[in-house]
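The block underneath contains the structure these notes are about, expressed in structure tokens.
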Amino acid sequence: MDLNKLENDINQKRKSKNLWLALSLGSFIVVVFFVTIAKLSDGNSIEGFDHILRPSLIKE
Amino acid sequence: MIRSTNNIYLSLNEPSALDYIELLKLKVMRLAIFTAGVAMIISSNNLNPFIALGSIICIALGAGGSGALNMWWDSDIDLLMKRTSKRPIPDGKITSDQALSFGVFLSIFSVIFLALFANFLSALLLAFTISFYIFIYTMFLKRTTPYNIVIGGAAGAFPPLIGWAVSTNTIAIESFLLFLLIFLWTPPHFWSLCLITKKDYSITKVPMLTETHGVKATKLQIFIYAIILAISSIIISFTNIGGYFYFISSLILNSIFIFYAYVLLINPYNPNNENFPKEKKLFLYSIFYLFMLFLLLLIEHFTKLLFPSYLIMVKDLIWI
């Protein structure tokens, strides 16, 4: 059995698996990001205020 | 459980990503994604597309995890059947332990994230579906009773219930009817496949209906199920998700299904036939049939949205 060929084959498969894993994780992170935005905004725009009066709290 | 005879080479072998993907049973996953997706769309007007996408991914991963666990448990009989001997475990590409870990991880991951993306009801339904498929169907029913697929087929019928729950957080009569449609479709679909692969199943000692009760009884059951299936699918016309278009099309589709089942029933079975044309025709048509019914529901949904006058017209048809 050619050990070099076997080792190359194993490394190739590992690279392919790592690539698939990276793509899957990356896609998942993107999906989680957008789902988080969707859930937090709940159809309205998200307000990013910190220690400042939010316009939405002021009565018209 | 007999271990794969290829395990001895596995210390020198590294599974590829495609080997893991093959564990997921993509054809079954496709059905789950499509039926859940349609149910999600037709149940609601307001579902956020990212929540829908995330939920569909979770349902797909749950279906894939179930597929991997099924292959893990059935690797001994998969080794014996021509149709399944090239699956990753019997073929020596992946060890049983790797498949088990992969399946368990996907199953738990999909349930947890469906709860986070959608709601607890849909996650609970997904968890129940996976558990039912593995513990009830795969580990118990499949090797015990010739009616394994009748009860076990419920696992494949849950995705529309899950999809409906994702968007509405409820179980409705409409989603139950979609569940019933797939539940009643599964036996004739699977039994027509068993007629084609009868020789394979005879080797494994799995109690398929073709082996325990014979071909004639199986064909009769297929015909009876075709009639019951027709009734259950036509009833959907009279619900909020049905309509005239679905009603007329489902009448035609069901008539063809019953006709093919009848042709199968009256024609003699030739075990030496290599092609099984009538059996294959019914099997392939059953796939087309289910796809078309769900597509018709989608068309009905969008027609009602785009043409309010049609929606008003359809209200006369609704009595469920």
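So that the names make sense, note that chain A is the first sequence line, chain B the second, and so on, each numbered from 1.
Contacts between B:A118 and chain A at a heavy-atom distance below 4.5 Å involve the backbone alone (N, CA, C, O). Contact annotation for B:L116: only backbone heavy atoms (N, CA, C, O) come within less than 4.5 Å of a heavy atom of chain A.
Between the A:K17 side chain and the B:P15 main chain, a donor and an acceptor come within less than 3.5 Å of each other.
To the nearest 0.5 Å, the span separating CG on B:L53 from CZ on A:F34 amounts to 10.5 Å. Taking CD of A:Q12 as the reference point, atom OG of B:S16 lies at 10.5 Å (rounded to 0.5 Å). Distance check, rounded to the nearest 0.5 Å: OG of A:S41 to CG of B:N48 gives 7.0 Å. How far CZ of B:F117 is from OG1 of A:T36: 7.5 Å, rounded to the nearest 0.5 Å.
Residues A:F28 and B:F113 place their aromatic rings such that the two centres sit under 6.0 Å apart.
Shortest non-hydrogen contact noted between B:F50 and A:V35 is O-CG2, 3.3 Å.
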